[in-house]
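Scroll down for the structure; my scribbles are underneath it.
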Amino acid sequence: MTKKQTVARNWWFVVTGFVYTLLIFARDWKAINRIGADTGYTYVPDAVKENLWVLFKPFPEYFEISGRAAAEIVAIFPIRYHAIASSTVVNLIWVALGLFIYAMIFQESKNQVVSSLAGLV
């Protein structure tokens with residue numbers, strides 16, 4: 001692969017991530033400061049009161065560390081910003097997962113358009 005192809009592929013990846021970010025925040029924009037994302041908000045008070053060991057606290061039904069990890073990030077902010085912080089964290093997780101799907105599909109297909117659409121879906 002030439003340097004020009006590598007640069008073009010990297011720019012496509014960056015632009016795809018930017019489009020994913022714009023779309024997910026546009027979808028969430030009207031409620032971003034009113035309704036927190038469903039990260040398991042019940043974990044946030046634990047994250048505020050305790051240290052990082054709360055991540056390994058016993059789970060009621062199944063092993064779920066992602067909601068508690070997101071709650072740890074949200075707990076950094078004052079309570080009046082928890083809805084914005086939780087929505088932003090969850091949106092960025094969605095973007096990261098979409099870009100991961102893009103990268104995996106591109107690795108197999110070498111088609112940037114199909115990969116971008118697969119990550120978007």
Side-chain angles (χ1 to χ4, degrees):
M1 184 179 315
T2 67
K3 184 175 180 175
K4 188 175 182 180
Q5 289 173 323
T6 303
V7 170
R9 190 179 74 198
N10 290 342
W11 272 107
W12 188 276
F13 184 80
V14 170
V15 169
T16 299
F18 183 71
V19 168
Y20 290 175
T21 303
L22 282 177
L23 288 173
I24 194 98
F25 278 97
R27 182 192 72 131
D28 195 28
W29 190 251
K30 290 200 176 203
I32 198 166
N33 63 343
R34 290 183 268 155
I35 302 169
D38 185 20
T39 58
Y41 192 78
T42 55
Y43 299 138
V44 174
D46 286 343
V48 170
K49 292 180 210 166
E50 300 179 34
N51 57 20
L52 282 176
W53 287 107
V54 76
L55 290 173
F56 305 106
K57 196 173 178 179
F59 297 91
E61 291 108 24
Y62 55 90
F63 184 71
E64 183 197 359
I65 199 163
S66 60
R68 289 184 178 181
E72 287 293 330
I73 297 168
V74 171
I76 296 169
F77 298 93
I79 194 165
R80 69 184 204 185
Y81 297 116
H82 280 186
I84 296 170
S86 68
S87 294
T88 301
V89 167
V90 169
N91 287 347
L92 293 176
I93 290 169
W94 278 105
V95 169
L97 290 172
L99 287 173
F100 177 77
I101 291 168
Y102 163 83
M104 293 300 106
I105 300 294
F106 180 75
Q107 188 175 14
E108 292 297 320
S109 71
K110 303 297 184 213
N111 187 329
Q112 292 174 324
V113 174
V114 170
S115 302
S116 295
L117 291 174
L120 186 61
V121 169

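On a predicted model such as this, the values are computed, not experimentally measured, just so you know. One is the number of the first residue; the rest follow in order along the sequence.
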| said: Minimum heavy-atom separation for Phe77 and Ala85, please, with both atom names. | reply: CD1-CB, 3.5 Å
| Those residues that, when tested against Ala75, pass side-chain contact (heavy atoms from CB on, under 4.5 Å) (two or more places apart) | Ala47, Val48
| said: Which residues pass the side-chain contact (heavy atoms from CB on, under 4.5 Å) test with Val15, not counting sequence neighbours? | reply: Val19
| message | When you group the ILVMFWY residues by side-chain heavy-atom contacts below 4.5 Å and let the links chain together, are Tyr20 and Val121 in the same group? | response | no
| message | Could you walk me through whether Thr88 and Phe25 satisfy the side-chain contact (heavy atoms from CB on, under 4.5 Å) test, starting with their C-alpha distance in whole Å, then the side-chain angles of each, then the deciding distance to 0.1 Å, before giving a yes or no? | response | CA-CA 8 Å; Thr88 301; Phe25 278 97; 4.0 Å; yes
| field | Hydrophobic cluster (4.5 angstrom, side-chain heavy atoms) - remaining members for Val14 | value | none
| Under the side chain to side chain donor-acceptor pair (under 3.5 Å) test, residues paired with Ser116 that sit two or more places apart | Trp12, Thr16
Side-chain donor-acceptor contacts of residues 91-105 below 3.5 Å, not counting sequence neighbours, with atom names and distances?
unit_1, atom_1, unit_2, atom_2, d
Asn91, ND2, Asp28, OD2, 3.2
Asn91, ND2, Ser87, O, 3.3

| message | I need the minimum non-hydrogen distance between Val89 and Ala70, along with the two atoms involved. | response | CG1-CB, 3.9 Å
| remark: Here the pair of heavy atoms bringing Arg9 nearest to Gln112 is CA-NE2, 3.3 Å
| remark: One should read off an interatomic distance between Ile24 CD1 and Leu120 CG, to the nearest 0.5 angstrom, of 9.5 Å
